[in-house]
Amino acid sequence: MAPAAITKIATKGKIRKRTVKTIKEIPFSGLFRDLKNSTVFEASGLAYVRGKFYTIFDNAMSIGIMDDRFQFRDPENRLIGEWEPESQFEGIAYVPENDTFLLLHEAVELGEEVYKPQVREVKLKKDLSGYDVHAVCTINFELEAENKGFESINYVHTPDGPFLLGLCEGNHCKGGEEGQDPGNGRIIVSELRWNKDGSCHWEPVKKIKIPESAYFKDYAAMAYNYEIRKLAILSQEDAAFWVGDFDGDSLEFVGEEGEVFHLPRDNHCEMIYCNAEGIQWVDHFRIVVTSDKAKSRQPYWCDQKDESVHLFAMPRAWDPYTTANKALAKAAAEEAAEEAEHAAAEL
């Protein structure tokens with residue numbers, strides 16, 4: 001067998017071993033009984049609270065609440081609040097201290113060509129008929145482009161207090177050519193500040209460099225698992241997510257390594273989950289991903305997976321209780337043995 005063919009087998013084998021398995025998936029149009037007269041569900045961020053998933057849509061003001069069984073027209077699934085107008089919501093995070101949610105606007109124009117992310121704190125009404133807005137606070141971080149802002153938020157508690165983690169979509173937190181320089185993801189850490197006039201803002205206090213092993217063209221979402229201290233970071237362009245060790249107290253990555261896992265592909269190893277936009281842990285072995293609307297420039301097969309929620313199981317080789325360094329060392333040894341076996345079989 002030619003060396004190129006051996007390399008192809010090895011490459012496909014790596015993807016195969018690191019591809020999550022689909023457990024269940026359903027379009028958002030099949031989840032809710034009342035669709036709010038909409039046929040378009042441009043899903044983005046996800047939060048998981050007490051057995052329920054909460055998602056937002058950048059084409060709507062409503063918050064979607066879903067039972068974790070993801071059943072067709074389940075009465076537990078509903079759209080909360082008015083649907084219109086378009087929101088440009090990209091992220092959602094839960095605040096346990098006061099039972100509220102933080103909803104992220106990717107970028108809001110605050111002056112002539114001045115854009116900053118904005119967060120609104122909302123509380124769901126007891127009858128789930130809507131939600132009340134408690135505060136609207138700008139993140140004091142100027143963006144270079146309106147459509148290259150923050151894509152995801154996580155609210156975390158540390159020994160120094162609560163902080164908001166904001167994931168930049170582009171590499172180096174930039175748009176354009178520099179924003180497409182893979183392996184240069186950034187997370188902005190901000191602290192809530194109240195002003196004398198009663199207004200508020202989130203003040204950036206730290207910038208975290210995502211390890212280069214998360215070698216992605218873009219960054220669409222992140223989710224932190226407190227118990228196993230793992231941070232998952234999703235890329236839409238690469239249809240994959242990276243999982244690295246993260247210290248939620250110091251807000252630092254533990255080491256530079258991380259494991260990359262692929263969303264399922266077709267029989268030709270082509271990407272079919274083209275619009276993955278949100279990610280959240282169910283437990284240590286399963287994750288949920290949401291998909292945005294397919295773009296007109298994308299292949300037609302992308303339509304089959306868009307505007308949906310997907311439940312995946314981690315691959316067999318996944319061990320949530322070991323570090324990324326140890327997991328990668330074990331995988332490398334196994335792959336070397338397999339490649340040697342393939343080469344020997346062709347002699």
(request) If the plane angle is over 60° it's perpendicular, under 30° parallel, otherwise tilted; pick one for F312 and H310. (result) parallel
Checklist entry - With under 30° as parallel and over 60° as perpendicular, where do the rings of H284 and Y321 fit, or are they tilted in between? => result perpendicular
Quick one: do [X] and [Y] end up in the same hydrophobic cluster if we chain Ile, Leu, Val, Met, Phe, Trp and Tyr together by side-chain heavy atoms under 4.5 Å apart?
| X | Y | value |
| --- | --- | --- |
| L103 | V133 | yes |
| I228 | I287 | yes |
| W318 | Y224 | no |
| F150 | L102 | yes |
| F246 | V205 | yes |

**Message:** Could you go through E259 and K230, starting from their C-alpha distance and side-chain angles, then the distance that decides it, and tell me whether this counts as salt bridge (Lys or Arg N to Asp or Glu O under 4.0 Å)?
**Reply:** CA-CA 11 Å; E259 299 180 80; K230 301 279 190 183; 5.1 Å; no
Provide the closest heavy-atom pair for [X] versus [Y] in the form atom of the first, atom of the second, distance.
| X | Y | answer |
| --- | --- | --- |
| A107 | Y115 | CB-CB, 4.2 Å |
| G255 | P211 | O-CG, 4.0 Å |
| W83 | S38 | CZ2-OG, 3.3 Å |
| F70 | I26 | O-CG2, 4.1 Å |
| P117 | F141 | CD-O, 3.2 Å |
| E277 | A221 | O-CB, 3.4 Å |

To the nearest 0.5 Å, what is the distance between [atom1] on [X] and [atom2] on [Y]?
| X | Y | atom1 | atom2 | value |
| --- | --- | --- | --- | --- |
| W281 | N225 | CH2 | CG | 5.5 Å |
| M222 | S152 | CE | OG | 4.5 Å |
| F216 | N171 | CZ | CG | 10.5 Å |
| S296 | D303 | OG | CG | 10.0 Å |
| N98 | K123 | CG | NZ | 6.5 Å |
| D292 | C274 | CG | SG | 11.5 Å |

Does either side chain, that of [X] or that of [Y], offer a donor lying less than 3.5 Å from an acceptor on the other one?
| X | Y | answer |
| --- | --- | --- |
| T323 | N325 | no |
| N140 | K116 | yes |
| D238 | S235 | yes |
| N275 | Q298 | yes |
| T100 | E121 | yes |
| Q280 | Y54 | no |
| Y273 | D306 | no |

Decide yes or no for [X] and [Y]: does some side-chain heavy atom of the first lie under 4.5 Å from some side-chain heavy atom of the second?
| X | Y | answer |
| --- | --- | --- |
| M314 | R286 | no |
| F28 | T55 | yes |
| D283 | F285 | yes |
| I188 | C173 | yes |
| P264 | K21 | no |
| Y48 | D68 | yes |
| F253 | E256 | no |
| H342 | E346 | no |

Looking only at atom types and distance, does a side-chain atom of [X] sit under 3.5 Å from a main-chain N or O of [Y], one as donor and one as acceptor?
| X | Y | value |
| --- | --- | --- |
| D74 | Q71 | no |
| E42 | K293 | no |
| N184 | P182 | yes |
| K206 | L251 | yes |
| N195 | G198 | no |
| T290 | G278 | yes |
| W202 | F163 | no |
| S62 | E82 | yes |
| E106 | G149 | yes |
| N59 | V40 | yes |

When K52, R78, R50 are each screened for salt bridge (Lys or Arg N to Asp or Glu O under 4.0 Å) with D67, the one that passes is K52
Residues N154, I187; criterion side-chain contact (heavy atoms from CB on, under 4.5 Å); working and verdict:
CA-CA 10 Å; N154 274 201; I187 296 171; over 6 Å; no
- request: Kindly indicate, with the supporting measurements, whether the criterion side-chain contact (heavy atoms from CB on, under 4.5 Å) is fulfilled by I279 and L46.
  value: CA-CA 6 Å; I279 192 169; L46 269 172; 5.9 Å; no
Q) Could you go step by step and tell me if D160 and T158 meet the side-chain hydrogen bond (donor to acceptor under 3.5 Å, both in side chains) rule? A) CA-CA 5 Å; D160 296 321; T158 77; 4.6 Å; no
Q) Would S29 and F41 count as a side-chain contact (heavy atoms from CB on, under 4.5 Å) if you check the C-alpha gap in whole Å, the side-chain angles of each, and the deciding distance to 0.1 Å? A) CA-CA 8 Å; S29 57; F41 295 86; 4.2 Å; yes
State whether the number of non-hydrogen atoms from other residues, nucleotides or ligands found under 6.0 Å of [X] atom [atom1] is greater than 12.
| X | atom1 | result |
| --- | --- | --- |
| E335 | CD | yes |
| E341 | CD | no |
| N37 | CG | no |
| E252 | CD | yes |
| K24 | NZ | yes |
| K36 | NZ | yes |

- Query: Any Lys/Arg nitrogen of D247 or R229 sitting under 4.0 Å from an Asp/Glu carboxylate oxygen of the other?
  - Reply: yes
The single option from E90, Q118, Q88, R120 that satisfies side-chain hydrogen bond (donor to acceptor under 3.5 Å, both in side chains) with H105 is R120
key: side-chain contact (heavy atoms from CB on, under 4.5 Å) between I56 and F101, intermediate numbers included   = CA-CA 11 Å; I56 33 85; F101 288 90; over 6 Å; no
